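To start, the structure itself, in structure tokens.
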Amino acid sequence: MHTPAVEPAQLLTVPASAPALTGMFPEELEAELASWGEPRYRAKQILEWVFQKRARSYADMTSLSKALRTRLESTHPLHTMRIAAVQGAKDTTQKFLFRLHDGRYVESVLIPANRAAFGEQSDRRTICVSSQVGCAYDCKFCASGLAGFTRNLRPDEIVEQVLQVEAHSGERIDNIVFMGMGEPLANFTSVTRAIRIIQAEWGIGIGARHITVSTSGLAPQIKKLADFPLPVRLAISFHGATDEVRERIMPVNRKYPLDVLMEALAYFRDRKKQKITLEYILIEDVNDQPEHAAALARRARSIQAKVNLIPYNTVEGLPWTRPSDLTQDAFLAILESGSVPATIRREKGHDIDAACGQLRLKQEIAEGRFPEQPPPIL
Ligand code: SF4
């Protein structure tokens with residue numbers, strides 16, 4: 001593992017209101033360019049530079065006039081964030097720390113092909129992206145929520161994570177999971193816009209079936225996602241199969257208790273005709289006992305979901321510990337004997353759910369930012 005020094009803080013001079021190019025749809029760019037007197041085909045040409053030819057600046061777009069490039073630069077910045085640090089080696093899981101235009105940080109994680117990613121051995125290169133700066137949902141095992149919520153990411157800031165990690169690694173990514181910092185369904189508009197751009201032929205071109213949205217269980221937004229026309233996949237940060245256990249570690253359960261959540265999941269399953277994944281972090285003496293496994297098996301069976309078990313990885317400043325291998329095996333055996341498809345993810349470097357957010361937290365604390373208070377959600 002290595003961690004390059006974070007570059008000196010430099011804010012990009014981007015007006016907060018400027019819609020960055022990588023968050024725009026072709027028809028929006030077309031309309032804007034038409035109002036400048038440019039031909040319709042110009043939008044297509046520009047988006048080809050961005051997504052197919054992967055131009056890193058407007059200066060690279062040599063088929064455009066200098067005047068047009070200058071105007072675009074001042075109205076629709078191409079890149080508004082940059083990689084501030086990378087942790088991990090090229091052939092292992094790598095964490096990227098991004099500095100945003102307002103000096104905030106988010107993280108992405110790149111998991112190489114042929115490694116177990118999110119419960120499945122995959123020949124795909126997977127990126128785990130963030131959807132918010134911080135998080136309001138305060139799950140008790142998670143570093144992302146430790147400093148509270150700062151703001152939603154814009155669509156371009158989500159798309160950029162994919163483009164920049166690809167540029168840095170020199171590899172095309174073909175699988176995306178919204179399991180980084182933030183609750184993606186609390187930023188529904190930006191996340192779904194980013195998904196449309198990521199999956200579009202004119203965009204990054206990663207099919208929606210290779211995009212997974214992971215939520216802590218916002219029931220109304222799960223139904224909204226079920227009605228979203230693209231076949232994205234759904235994963236739930238489940239972590240407790242009774243209200244008592246779940247409430248202890250996930251305050252969101254007070255607002256959307258399990259019966260409400262299960263009803264929304266059944267709706268999603270019926271609309272999308274897909275298997276939902278229940279993510280379950282095994283925490284010693286909290287949710288790792290045989291009765292917890294039996295309750296989880298019942299819940300999973302009721303919606304034909306699969307379960308991905310993740311033995312807890314220590315997070316600095318949090319009190320939880322990982323159960324023994326014996327306890328983990330016993331838990332898995334109960335699921336399997338209950339006919340629930342289940343996997344266990346033991347490779348440490350890949351256990352990024354709980355650890356996600358730590359890199360950003362350290363950086364923000366180093367810069368003297370104090371944790372902000374999460375807004376009330378209940
Ligand atoms: S697990 Fe997800 S929803 Fe919960 S605090 Fe962490 S980032 Fe937020």
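Small disclaimer: the values here were computed from a predicted structure and weren't measured. These numbers come from the heavy atoms of this one structure, side chains and all, not from hydrogens, waters or symmetry mates. In what follows, residues are counted from 1 in the order of the sequence shown. For ligands, and for the atoms within them, numbers begin at 1 and follow the listed sequence.
Counting heavy atoms closer than 4.0 Å to ligand 1, residue Cys139 contributes atoms from both its backbone and its side chain. With a 4.0 Å heavy-atom cut-off, ligand 1 is reached by the backbone of Asp138 but not by any atom from C-beta on.
Residue contacts with ligand 1: Ser237 is excluded, as none of its non-hydrogen atoms falls under 4.0 Å.
Counting non-hydrogen atoms of neighbouring residues, nucleotides and ligands closer than 6.0 angstrom, the NZ atom of Lys53 exceeds 12 such neighbours. No more than 12 heavy atoms of other residues, nucleotides or ligands sit less than 6.0 Å from atom CZ of Arg209.
Here Cys142 meets the criterion, with an N, O or S atom under 2.8 Å of atom 6 (Fe) of ligand 1.
Ion pairing of Glu247 with Arg254 is absent here, as no side-chain N (NZ or NE/NH1/NH2) approaches a carboxylate O to less than 4.0 Å. In summary, Glu28 and Arg193 engage in a salt bridge, as defined by a charged side-chain N under 4.0 Å from a carboxylate O.
In summary, the atoms of ligand 1 found under 4.0 Å from a heavy atom of Cys135, numbered by their order in the structure, are 3 (S), 5 (S), 7 (S), 8 (Fe).
With ring centers used as reference points, Phe149 lies 6.0 Å or more from Tyr137.
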